[in-house]
Amino acid sequence: MSECIQISFAVCRIGIYTCFRALCCKGPPPARPEYDLVCIGLTGSGKTSLLSKLCSESPENVVSTTGADNIRKYWSRYYQGSQGVIFVLDSASSEDDLEAARNELHSALQHPQLCTLPFLILANHQDKPAARSVQEIKKYFELEPLARGKRWILQPCSLDDVDALKDSFFQLINLLEEKDHDAIRM
């Protein structure tokens, strides 16, 4: 009931500095750092669809992962070298699936290779009538006590709101950049 995708993700934010540099300066703007992220979540949570939409690909062409039930035990093989975690959950799923997602998130938050990394938790399918709110998910997943002292973001999302999805990734990038600045200061 899961799949794991390791991605290299670089986002270029177009701000006043970039526009000014493009209009007034010669040469390209400075390169943005790239981060290796691991994206995990139960089958049907929408990982591939969200990432496809974020990359401006058509989610209609996405085919669900088959045989994903057997992959979850291999997730940890993808963790090494990751700098951040994207955990996607189906906020409109059944109680059983929500409990399974909760257990997987708890395992990921406590995994030795992930416990110090920033987490972006996406509560997907917010456009469905049965979707649970971010507050309900935060309470049900016991995120406040479990993730105390960790860097994490819980955001609602759906394929219909690409701007909110991009904003979620910008927040994750900010957490990653904060870690980079902390490492430089040491």
Side-chain angles (χ1 to χ4, degrees), residues 1-9 35-79 82-111 113-114 117-143 146-147 150-173 175:
M1 296 186 74
S2 62
E3 71 178 275
C4 186
I5 302 169
Q6 185 147 0
I7 61 171
S8 179
F9 186 79
Y35 296 101
D36 288 323
L37 307 172
V38 65
C39 183
I40 54 179
L42 300 183
T43 297
S45 61
K47 298 172 296 299
T48 306
S49 297
L50 288 174
L51 293 173
S52 295
K53 188 75 168 185
L54 191 66
C55 296
S56 301
E57 296 176 6
S58 175
E60 288 83 37
N61 298 331
V62 173
V63 178
S64 294
T65 305
T66 56
D69 292 341
N70 302 323
I71 296 174
R72 189 180 312 161
K73 61 186 172 190
Y74 299 110
W75 278 7
S76 61
R77 293 183 184 192
Y78 294 92
Y79 295 168
S82 294
Q83 296 166 285
V85 180
I86 303 162
F87 188 92
V88 182
L89 63 96
D90 180 356
S91 63
S93 67
S94 69
E95 289 294 324
D96 289 343
D97 285 346
L98 201 63
E99 179 66 22
R102 178 179 176 258
N103 292 337
E104 292 300 334
L105 179 58
H106 283 211
S107 293
L109 282 165
Q110 296 171 346
H111 192 280
Q113 290 179 299
L114 303 180
L117 302 180
F119 274 71
L120 170 58
I121 305 162
L122 295 173
N124 196 16
H125 299 139
Q126 288 292 307
D127 53 332
K128 293 184 178 178
R132 292 158 184 90
S133 71
V134 168
Q135 290 298 0
E136 291 172 304
I137 289 174
K138 187 186 291 185
K139 184 177 179 181
Y140 182 80
F141 278 64
E142 300 172 323
L143 286 174
L146 179 72
K150 299 180 188 303
R151 296 170 303 138
W152 58 277
I153 304 161
L154 172 62
Q155 288 289 105
C157 69
S158 71
L159 289 177
D160 296 337
D161 193 353
V162 178
D163 290 334
L165 184 61
K166 287 180 181 178
D167 183 58
S168 298
F169 275 84
F170 287 141
Q171 289 181 48
L172 176 60
I173 289 168
L175 285 180

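The chain is numbered in sequence order, starting from 1. In this text, all values refer to a predicted model and were calculated from it rather than measured experimentally.
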For Cys39, which of Leu51, Leu120, Leu122 qualifies under side chain to side chain contact (heavy atoms under 4.5 Å, CB included)?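 Between Cys39 and the candidates, side chain to side chain contact (heavy atoms under 4.5 Å, CB included) is satisfied uniquely by Leu51.
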
Distance in Å, [X] [atom1] paired with [Y] [atom2], rounded so as to fall on 0.5 Å steps:
{"X": "Arg132", "Y": "His125", "atom1": "CZ", "atom2": "NE2", "value": "12.5 Å"}
{"X": "Ser76", "Y": "Gln113", "atom1": "OG", "atom2": "CD", "value": "7.0 Å"}
{"X": "Leu109", "Y": "Phe87", "atom1": "CG", "atom2": "CZ", "value": "8.5 Å"}
{"X": "Asp167", "Y": "Ile153", "atom1": "CG", "atom2": "CD1", "value": "9.0 Å"}
{"X": "Asn103", "Y": "Leu42", "atom1": "CG", "atom2": "CG", "value": "9.5 Å"}
{"X": "Phe141", "Y": "Leu98", "atom1": "CZ", "atom2": "CG", "value": "4.5 Å"}

Has [X] got a side-chain atom pairing as donor or acceptor with [Y]'s backbone, closer than 3.5 angstrom?
{"X": "Gln110", "Y": "Ser107", "answer": "no"}
{"X": "Asp36", "Y": "Gln83", "answer": "no"}
{"X": "Lys47", "Y": "Ile40", "answer": "no"}
{"X": "Ser93", "Y": "Asp90", "answer": "yes"}

Identify the two heavy atoms, one from [X] and one from [Y], that lie closest to each other, and give their separation to 0.1 Å.
{"X": "Ile137", "Y": "Ser91", "answer": "CD1-CB, 3.5 Å"}
{"X": "Leu117", "Y": "Gly84", "answer": "CD1-N, 4.0 Å"}
{"X": "Ala108", "Y": "Leu114", "answer": "O-CB, 3.4 Å"}
{"X": "Phe119", "Y": "Leu172", "answer": "C-CD1, 4.5 Å"}
{"X": "Ala101", "Y": "Leu89", "answer": "CB-CB, 4.4 Å"}
{"X": "Ile86", "Y": "Phe169", "answer": "CD1-CE2, 3.4 Å"}

Is any side-chain heavy atom of [X] less than 4.5 Å from a side-chain heavy atom of [Y]?
{"X": "Ser45", "Y": "Asn124", "answer": "no"}
{"X": "Gln135", "Y": "Lys138", "answer": "yes"}
{"X": "Val85", "Y": "Leu37", "answer": "no"}
{"X": "Ile121", "Y": "Gln155", "answer": "no"}

Let me see the working for Asp127 and Leu159 under side-chain contact (heavy atoms from CB on, under 4.5 Å), right down to the final yes or no. CA-CA 8 Å; Asp127 53 332; Leu159 289 177; 5.8 Å; no

Quick one about Gln126 and Ser158 (side-chain donor to acceptor, distance below 3.5 Å, no hydrogens or angles considered), yes or no?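 On atom types as modelled, these side chains do not qualify, holding no pair under 3.5 Å.
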
Cation-pi check, Arg102 to Tyr140: give yes when NZ or CZ is under 6.0 Å from the six-membered ring centre and within 45° of the ring axis, no otherwise.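 Judged by the rule (NZ or CZ under 6.0 Å from the ring centre, within 45° of its axis), Arg102 counts as positioned above Tyr140.
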
